[in-house]
Amino acid sequence: MPRKVRIAGAKATAEAVKAANVDVICSYPIRPYTGTMIELARMVADGELDAEFVHGEGEHAQLSVVLGASAAGARVFTGTSGVGATYAFELYSPIAGEFHPVQCMIANRTLDPPGDFGSEHTDALSARDQGWLMGWAASPQEAYDNTLIYYRLGEDPRVMLPQFPCQDGYFISHISGEVELADSDQVEEFLPPFNPRNKLDPRQPVLMGPQCRADQGAAIELGRAEAMVRAREVIPSVIADFNRVFGRNYSPFLQEYMTEDADMVFFGQGAHTVPARLAAERLRKDGLKVGVVQLRFMRPFPTDEVAEALSRFKVVGVLEISNSFGAVYDSGPVTAEVLSALYYAPAQPKVLTFLGGLGGENIRLADYYEMARAMKAAADAERLKKRVFWLGFEPLHVA
Amino acid sequence: MAQARLGAQKPDKIEIADYEPIRSMRNVPTTEYYVPGHRTCGGCMPALAYRLTALAAGPNTVFAGPTGCMYVANTSYLCGPWAVPWIHTQITNGGAVISGIAAAYKAMIRKGKYDGEYPNIICFAGDGGSSDIGLQALSGAMYRNHDLLFITYDNEAYANTGIQVSPMTPYGAYTTFTPPGKVVPDAKPLFPKDLLKMVAAGHPAVKYLATASVSYPLDLMNKVRKALAVKGPTFMHIHAPCPKGWSFEAHRGPEIGKLAVETGMWTLYEIEDGHVKVNVRPRKWRPVKDYVATQGRFSHLTDEMIQRLQAFVDAKLADLGLEAEPPTPVPPVAG
């Protein structure tokens, strides 16, 4: 029987890793993801989970160890945060390019400088173009579920891609919520054992990662691109299967909230979409029809779904919890994707960007109200003077 | 002579599984696992080191190859010379990748997910991928008590990128990053790291370490077999002359490898459970200048510089209990 517990996202992920019966785990300490590893270390020490628990000598080693283990045919887990995610960067492309479906959770943390424990999406988003599946959880339950969903999706023979299930550091990783833990029958039904076609088995020798000629390189990269396209095609059926087995109600790509009659929406990923929902509810009293669209996968980016969904509204306010210095309109990576997706959309909403939550700063409810009023002003304005705002540093005057 | 000991306290005794030593060159197995189909340079001694290692290890083997000559020249055009599984690793992380492979086999065998025998897991890394950018991963692999073998094939430079200095490049050697010039006449002014001692001294799980040379193939193959039979992490450092990098004629590799041992520039020894055993001890050491004279990379060295190199070699030999007679005086600083 599934049972309900109150745990934070970090622990929820550890519970899901245990449910997935992984074979090799590689650790290295960095806050805030450490919470997951501490829990896994205990599970292995107590015999709750039969896995090799390898103490990596750094994040670069963590990703290297799980690469080797996955290549040998093991289901693997590792994780990191902040500068740990950037220290490991060299391995992201080899892991994805050689189709090792490694799972590396990221509990997001701001990069240096300054030394800051705070949550921010820049760490993971810096690696968004390396060929990994990537998306954010907005609750401990979703963190738990995503680990199982990502293993199923990443290990699908049509996909075979590594995965970054992300959760906002602290906001998700360290704040408790109700989590329904699966029972083993459910996991068994949803997640088949990992049995890759190619592995480092002396009984059937293979060559992994050889050098190639310049004219062979592009073909290999096309293969990687096609795997990502296939992942986009596979996601709806995997989510439908997950909903069926676990009794959940996820949309594959975009979780919408109070959008039916909405004129404008907050668009974002992860924890910050939760207070956005509360704000949307309360703003109805002021006559502001605000909804929330939560992006569940950043990679593969659901272009058509985003274009179709967002073109229904007058204004989209992107919650940009990441930096991309010098980016288009000096906005951020999510805005850049949204604007690109909307270029061929049936209708173009006005798009505002709110850079906020950086360095772990809290976006308060009052901020959401102010953002909503700015969106309303944008809806009413003929032309926008300013579309990108640093929350808390400048008035949100759009016209 | 009292036996030298190397390494920290090692509470666990060495455990060696049964293995079959190769008694003579006539008994060398004939089934090759490193076969034609690569494009290493003519006279490439690292390629020979690979071939001998693969011969000794046999079919139940997984190789990991960090970036270097033995990656690039061996796997051009998506093909490779191994008849056993092989995986590329970054130049940075050979030790970590084989750690993962070892952990995977341990877990999969325990959990009934793999019904074969635990394989020989070997990282075949260059000197840069071991003593320089790969040192951290090497240390991690040696520290964590995985059952694996890390081999450094040492051609004393980053050869694949066009002969650049590495921590294993000898004093006085020309590389494209250490050209001799007016200000730095001796080309490489530093003496090399002692990688084997570094591994031996700081990694209590390592019970067997050995140096080897491609010029002593039987010794090399038997050390590979022994290293694989020893439980836990083991380490081998193989001297492998590089005709292109050191500037000598392609056919002279075996001779130069031998000369390195005869001059003390390279020493064949093993450390088993902390006990040092020297495998080849010439009756009389030949002077380093005989070795230096065979290679273009040393052609700019003055007598004084050669003497400096000789003094370094004397000290190294003395440290192993192989006193050269009489000790060479350290030359005075040039005035």
Side-chain angles (χ1 to χ4, degrees), chain A residues 21-26 28 44 50-76 78 88 90-91 93-95 97-98 100 102 193-195 198-213 215-217 219-220, chain B residues 33 57-65 67 71-108 110-111 113-117 119-121 123 136-141 143-144 146 148:
Chain A
N21 188 20
V22 303
D23 304 309
V24 175
I25 296 164
C26 193
Y28 190 77
V44 171
D50 185 2
E52 283 296 299
F53 193 94
V54 180
H55 301 123
E57 66 271 13
E59 289 83 1
H60 189 275
Q62 278 183 284
L63 274 291
S64 307
V65 165
V66 294
L67 183 163
S70 180
R75 179 173 288 160
V76 300
T78 192
E90 186 194 16
L91 277 307
S93 185
I95 288 172
E98 287 297 316
H100 302 303
V102 160
F194 178 47
N195 190 19
N198 296 321
K199 51 193 165 199
L200 297 171
D201 183 342
R203 299 168 301 187
Q204 205 179 333
V206 292
L207 202 59
M208 290 185 178
Q211 278 260 316
C212 69
R213 250 181 1 224
D215 64 325
Q216 293 169 319
I220 291 167
Chain B
Y33 299 97
N60 190 30
T61 300
V62 175
F63 277 114
T67 305
Y71 163 51
V72 175
N74 275 321
T75 68
S76 317
Y77 313 136
L78 295 176
C79 70
W82 301 275
V84 291
W86 173 93
I87 184 171
H88 170 236
T89 81
Q90 304 310 110
I91 192 168
T92 46
N93 68 348
V97 171
I98 55 169
S99 298
I101 297 169
Y105 272 104
K106 198 172 169 195
M108 292 191 303
R110 187 174 66 230
K111 293 168 89 169
K113 294 183 178 180
Y114 182 78
D115 57 6
E117 237 184 276
N120 303 316
I121 298 165
C123 179
Q136 180 173 311
L138 164 59
S139 179
Y143 172 64
R144 287 184 298 251
H146 305 287
L148 47 77

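So you know, we letter chains A, B, ... as the sequences are listed, proteins then strands, and number each from 1. Hydrogens, waters and symmetry mates play no part in the numbers below; they use all other heavy atoms, side chains included.
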Item to complete: Name the region of A:Leu63, side chain, backbone, both or neither, that has any atom closer than 4.5 Å to a heavy atom of chain B.
Response: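 For A:Leu63, no heavy atom lies under 4.5 Å from chain B.
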Practice prompt. Using non-hydrogen atoms and a 4.5 Å limit, figure out which bit of A:Cys26 sits close to chain B: side chain, backbone, both or neither.
Written response: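 Neither the backbone nor the side chain of A:Cys26 comes within 4.5 Å of chain B.
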Discussion item. Pairing donors with acceptors under 3.5 angstrom, does anything connect the side chains of A:Asn21 and B:Lys111?
Written reply: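 Result is yes, a qualifying pair exists.
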Worksheet entry | Exercise: do A:Ser64 and B:Gln90 side chains pair donor with acceptor under 3.5 Å |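 On atom types as modelled, these side chains do not qualify, holding no pair under 3.5 Å.
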Side chain, backbone, both or neither: which part of [X] has an atom under 4.5 Å from a heavy atom of chain A?
X	result
B:Trp86	both
B:Tyr77	both
B:Ala102	neither
B:Val84	backbone
B:Tyr114	side chain

Worksheet item: Do the charged groups of A:Arg203 and B:Asp115 touch, with an N to O distance under 4.0 Å?
Response: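 Result for this pair is yes, salt bridge flagged.
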Worksheet item: By side-chain contact (heavy atoms from CB on, under 4.5 Å), which residues pair with B:Pro81, not counting sequence neighbours?
Response: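 In terms of side-chain contact (heavy atoms from CB on, under 4.5 Å), with neighbours along the sequence ignored, B:Pro81 is linked to B:Tyr34, B:His38, B:Asn74.
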Worksheet item: Residues in side-chain contact (heavy atoms from CB on, under 4.5 Å) with B:Thr67, at least two apart?
Response: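 Expected list: B:Tyr71, B:His88, B:Ile91.
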Practice prompt. Calculate, to the nearest 0.5 Å, the distance between atoms CG and CG belonging to B:Asn93 and A:Leu67 respectively.
Written response: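 Interatomic distance, B:Asn93 CG to A:Leu67 CG, rounded to 0.5 Å: 7.5 Å.
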